[in-house]
Amino acid sequence: MDDSGLPPNWEVRHSNSKNLPYYFNASEKISRWEPPSGTDTEKLKKYMATHHSATHISSTNRPEGKIRAAHLLVKHRDSRRPASWRESEITRTKEEAMAIIKGHEQKIKSGAVSLGELAMSESDCSSARKRGDLGYFGKGDMQKEFEEAAFALQPGQMSGIVETASGLHLIERLV
C-alpha cells in the first residue's frame with residue numbers, strides 16, 4: 001500500500017469527461033468511482049486532498065439562469081446509493097449521519113473551517129476533490145429539495161441541513 005492508501009494494483013486516475021478522479025486497477029483493467037475494498041480511507045483522504053483537489057473558483061462567464069454551488073454530503077444506509085469514495089459500503093443510520101453533519105455545520109459556522117475545506121476530506125460526494133464544487137447548474141438539474149435550497153441562497157451563503165434521496169447536505173452558493 002502506497003501513500004494513497006489504495007490496495008495493490010490500484011491507482012487514482014483522472015476522468016477527462018467528468019473532470020474527476022477515479023480508481024483503476026491496472027492488472028485487472030477495471031475502474032470504479034468508489035475506492036476498492038481494502039482501502040485505508042484515512043490515507044486516501046489525505047492523498048486526495050493533496051493531489052486531487054481544486055482550489056480556484058471563478059465567477060466569470062456565468063451561464064444564464066444557472067448558479068454555482070458547493071456542498072458537503074453525508075450519506076447513510078438508506079441513501080439512494082450508500083457508497084462513496086470514502087467508504088465502499090455506508091452503514092451509518094440517518095440519525096448518525098444527522099449528528100455528523102450537525103457537527104460539520106457547527107465547525108463551519110464557528111469559522112474554524114470552510115465548507116470547501118471540510119468537504120475535501122468529509123463529503124461522501126465525488127465533488128469532494130473539487131472542494132464540494134458542483135459547477136454551474138440550472139433549475140431541473142438537481143434533486144428538487146437540493147435545487148430549492150441552493151437557489152434560495154445568496155452568493156456566499158450556506159444553507160441549513162438539506163435532506164434528499166442522496167443523503168444530508170450543507171450547500172454553499174458560490175455565484
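If you're wondering where the values come from, they're calculated on a predicted model, not measured in any experiment. Residue numbers run from 1 in the order of the sequence given.
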>> Closer than 4.0 angstrom, basic N to acidic O: yes or no for Glu105 and Lys102?
In response: no
> Tell me the salt bridge (charged side-chain N to carboxylate O under 4.0 Å, His left out) pairs involving residues 71-83, sequence neighbours left out?
Replying inline: Glu34-Arg81
> Which residue pairs pass the salt bridge (charged side-chain N to carboxylate O under 4.0 Å, His left out) test with at least one member in residues 89-99, sequence neighbours excluded?
Replying inline: Glu87-Arg92, Arg92-Asp124, Lys94-Glu163
Do [X] and [Y] have side chains that approach each other closer than 4.5 Å (heavy atoms only, starting at C-beta)?
{"X": "Tyr23", "Y": "Val12", "answer": "yes"}
{"X": "Arg68", "Y": "Phe137", "answer": "no"}
{"X": "Met120", "Y": "Met48", "answer": "no"}

Looking at [X] and [Y], would you say the former's side chain and the latter's main chain have a donor-acceptor pair under 3.5 Å?
{"X": "Gln157", "Y": "Arg173", "answer": "no"}
{"X": "Trp85", "Y": "Ser123", "answer": "yes"}
{"X": "Glu122", "Y": "His104", "answer": "no"}

> What pairs meet the ring-ring contact (aromatic ring centres under 6.0 Å, His included) rule with one or both residues in residues 107-135, with sequence neighbours excluded?
Replying inline: none
>> Check for me, please, whether Leu134 and Val162 land in the same ILVMFWY cluster - side-chain distances under 4.5 Å, paths through other members count.
In response: yes
Ignoring hydrogens, what is the shortest heavy-atom contact between [X] and [Y]? Give both atom names and the distance.
{"X": "Ile171", "Y": "Ala149", "result": "CD1-CB, 3.9 Å"}
{"X": "Leu168", "Y": "Ala97", "result": "CD1-C, 3.7 Å"}
{"X": "Pro35", "Y": "Ser84", "result": "CD-O, 3.1 Å"}
{"X": "Val113", "Y": "Leu118", "result": "CG2-N, 4.0 Å"}

> Does NZ or CZ of Arg13 come closer than 6.0 Å to the centre of the six-membered ring of Tyr22, within 45° of the ring's axis?
Replying inline: no
>> Is a donor from one side chain sitting under 3.5 angstrom from an acceptor on the other, for His169 and Ser159?
In response: no
> With respect to Ser166, which candidate in His76, Gln143, Glu145, His71 satisfies the side chain to side chain donor-acceptor pair (under 3.5 Å) definition?
Replying inline: Gln143
